[in-house]
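Single-structure report; data block below.
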Amino acid sequence: MQRARLLSILKNKGLSNFQIKVLTIAAAIPKGETRTYKWVAKLSGRPKACRAVGNALNKNPFPVIIPCHRVIRSNGAIGGYKLGTKKKIRALRSDGALLK
DNA sequence: AAGTAAGAAATTT
DNA sequence: AAATTTCTTACTT
């Protein structure tokens, strides 16, 4: 379980509490599934902080370890991605989260 | 004080 | 009813 180690590192990085929580939750999203920013925000204890969630994911220190590409908008839109939304779509397709 | 990877509501078509 | 636009929310720097 790298989750515990991940948490330690995040804490060590001096990231904000909210950011740590968001990243942890994002890392727990199962493969092939997508979550909304709202969903993550709710799990973070700040249901109305949907934007802050995106903000936190943007500063994601481990873009490979944390599947932030599985977090999309609530209305079905892809949202944004640090490396470009195009890549995000590709990643989702690889995960099988996109029907087609 | 300003910016953002969003959401929901309001307005228009 | 569906699509688009606008305003508001909460967090980080």
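We name chains A, B, ... by the order of the sequence lines, and we start the count at 1 in each one.
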Exercise. Residues from residues 27-47 of chain A sitting under 4.0 Å of DNA chain B, heavy atoms only?
Worked result: A/Tyr37, A/Lys38
Exercise. Out of B/dG3, B/dA6, B/dA8, which has the shortest distance to the side chain of A/Asn55?
Worked result: B/dG3
Exercise. For DNA chain C, which ranges pair as stems of 3 or more consecutive Watson-Crick or G-U pairs, with both donor-acceptor distances under 3.5 Å?
Worked result: B:1-4 with C:10-13, B:6-13 with C:1-8
Only pairs under 3.5 Å count here: list side-chain donor-acceptor contacts from residues 62-79 of chain A, not counting sequence neighbours, and write none if there are none.
{"from": "A/His69", "atom 1": "NE2", "to": "A/Asp95", "atom 2": "OD2", "distance (Å)": "3.0"}
{"from": "A/Arg70", "atom 1": "NE", "to": "A/Asp95", "atom 2": "OD2", "distance (Å)": "2.6"}
{"from": "A/Arg70", "atom 1": "NH1", "to": "A/Ile29", "atom 2": "O", "distance (Å)": "3.0"}
{"from": "A/Arg70", "atom 1": "NH2", "to": "A/Asp95", "atom 2": "OD2", "distance (Å)": "2.9"}

For this session: Would you kindly give the NZ-to-C1' distance between A/Lys86 and B/dA5, to the nearest whole Å?
Result: 18 Å
Exercise. The side chain of A/Arg73 lies closest to which of these nucleotides: B/dA5, C/dC11, B/dG7?
Worked result: B/dG7
Exercise. Any salt bridge (charged side-chain N to carboxylate O under 4.0 Å, His left out) pairs touching residues 21-37 of chain A, not counting sequence neighbours?
Worked result: A/Glu33-A/Arg35
For this session: Treat primed atoms plus P, OP1 and OP2 as sugar-phosphate and everything else as base, then score nucleotides 1-8 of chain C 5' to 3': B for base contact with protein heavy atoms under 4.0 Å, S for sugar-phosphate contact only, - for none.
Result: -------B
Exercise. Does A/Ala41 have any side-chain contact (heavy atoms from CB on, under 4.5 Å) partners at least two apart in sequence or in another chain, and if so, which?
Worked result: A/Val53
Problem set entry | Selection from B/dA6, B/dA5, C/dT12 that lies nearest to any side-chain heavy atom of A/Cys50 | B/dA6
Exercise. Rounded to whole angstroms, how far apart are CD on A/Gln19 and C1' on B/dT4?
Worked result: 13 Å
For this session: Could you please name the option among B/dA5, C/dC11, C/dT12 that lies closest to any side-chain atom of A/Lys59?
Result: C/dT12
Problem set entry | Value in whole Å for how far the P atom of C/dT12 lies from CG of A/Asn60 | 15 Å
